[in-house]
Amino acid sequence: MKRALITGITGQDGSYLAELLLEKGYEVFGLVRRKSKLDFNNAEHLKGKVEFIFGDMTDSASLLRAMEIAKPDEIYNLAAQSFVTTSWETPLSTADINAIGVTKLLEAVRLCKPDTRVYQASTSEMFGKVQAIPQNESTPFYPRSPYGVSKLYGHWITKNYRESYGMFACSGILFNHESERRGAEFVTRKITIAVAKIKAGLQDVLELGNMDASRDWGHSADYVRAMWLMLQQPTADDFVIATGKTHKVREFVLLAFKAAGMDIEFHGEGEKEYATLKGTDKVVVKVNPQFFRPAEVDLLIGDAGKAKKVLGWEPEISYEQLVERMVKSDMKLLAEGKI
């Protein structure tokens, strides 16, 4: 039986990955940050199936302890301060977790069990001000946020440990991936929760920032499968994971309302853009300039050709299915009083 340690197990990707590994017969350990109020979030249903270890990416001693307890064959480092907007407000702690924290984890592996295979969660935000369209493993990086910069450090230090110490350490450069378990602070989930509440008459207006930002959106369940495939290869390498299709925030909003049985029409442009329910003058969406980022990433679209060829990976859940699943899930959660 293989043993796997997942950092960030309480997040969206961590919970889907844990389910996948359990299905494959792994013994799974999850690193959980201790809070005054213990919250397992998306991993609540994994109690009794996963062994949770308290630790923190900024605490080397706790990472060494986690290595000693789990003795993992594979580590999936999904822990991060993962909210881009917050990274401008807390740039130092973002760097501590996303950059230095990765180094501390790699050192713990090197000292305790150097034959452990390590997966590092990199991000399309490292491309930022894109230097080529679409973006692949050879595209130069140009991050546009403290989050993107911190993740770029984590990406390069992982490659450095691979080349310096011969460790099996690889990074998945994952483009935007969402799901029913996405945190409410992320724009996609903000949209689907608002749509559910507007449909139920509990909210009037959804306020958003840049509606023209384009992203390559996939489903988390598809992307964690790619993570696992990377660690099953004969040699470590880095891979872009993406759908190869891009959609604007505006389109996500349109599809989300449609999934809830509401048609909307957009009016105006830029900071004056808004949307009304079709055939009425009821405003349900407004652009609010306060939600614009200090430095915007306008277009991200990935080329996952290498992953498809080498890993045999293909996304199975379409963009339209993703949006519909998120909306239906939030409508159900709202009806149950859970949001």
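Heads up: numbering here begins at 1 and tracks the sequence. A quick note: this is a predicted structure, and the numbers were derived from the prediction, not measured.
Nearest heavy-atom pair, Lys308 versus Pro315, reported as atom, atom and distance to 0.1 Å: CE-CD, 4.5 Å. Across every non-hydrogen atom of Cys112 and Leu64, the tightest pair is SG-CD2, 3.6 Å. Nearest heavy atoms, Lys71 versus Lys113: O-CE, 3.8 Å.
Arg250 and Asp212 are joined by a salt bridge, as a carboxylate oxygen and a charged side-chain nitrogen come within less than 4.0 angstrom of each other. Classification of Arg189 and Asp330 as a salt-bridged pair holds, one side-chain N sitting under 4.0 Å from a carboxylate O. Between Arg110 and Glu107 there is a salt bridge, since at least one side-chain N of the basic residue sits less than 4.0 Å from a carboxylate O of the acidic one.
For Lys190, the NZ atom is densely surrounded, since the number of other residues' heavy atoms within 6.0 Å is greater than 12. Within 6.0 Å of the NZ atom in Lys2, the count of heavy atoms belonging to other residues, nucleotides or ligands exceeds 12.
Cation-pi geometry between Arg181 and Tyr16 is met: under 6.0 angstrom from the ring centre, within 45 degrees of the axis.
Formation of a donor-acceptor pair under 3.5 Å by the Ser62 side chain with backbone atoms of Asp56 is found in this model. Side-chain atoms of Ser329 do not come within 3.5 Å of backbone N or O of Arg325 as any donor-acceptor pair.
Note: Thr7 OG1 to Ile53 CD1 = 11.0 Å, rounded to the nearest 0.5 Å.
Other residues sharing a hydrophobic cluster with Phe83 under the 4.5 Å side-chain heavy-atom criterion for ILVMFWY residues are Phe186.
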For this session: Go through Ile6 and Tyr26 one step at a time and tell me if the side chain to side chain contact (heavy atoms under 4.5 Å, CB included) criterion holds.
Result: CA-CA 12 Å; Ile6 304 172; Tyr26 280 65; over 6 Å; no
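Every residue was checked against the side chain to side chain donor-acceptor pair (under 3.5 Å) condition with Arg33, not counting sequence neighbours, and none meets it.
A donor and an acceptor atom, one from each side chain of Asp281 and Thr276, are nowhere located under 3.5 Å apart. A donor-acceptor contact closer than 3.5 angstrom is absent between the side chains of Gln81 and Asn98.
Ring centers of Phe266 and Tyr274: at least 6.0 Å apart, outside the cut-off.
Ring geometry for His177 versus Tyr223: interplanar angle under 30°, hence parallel rather than tilted (30 to 60°).
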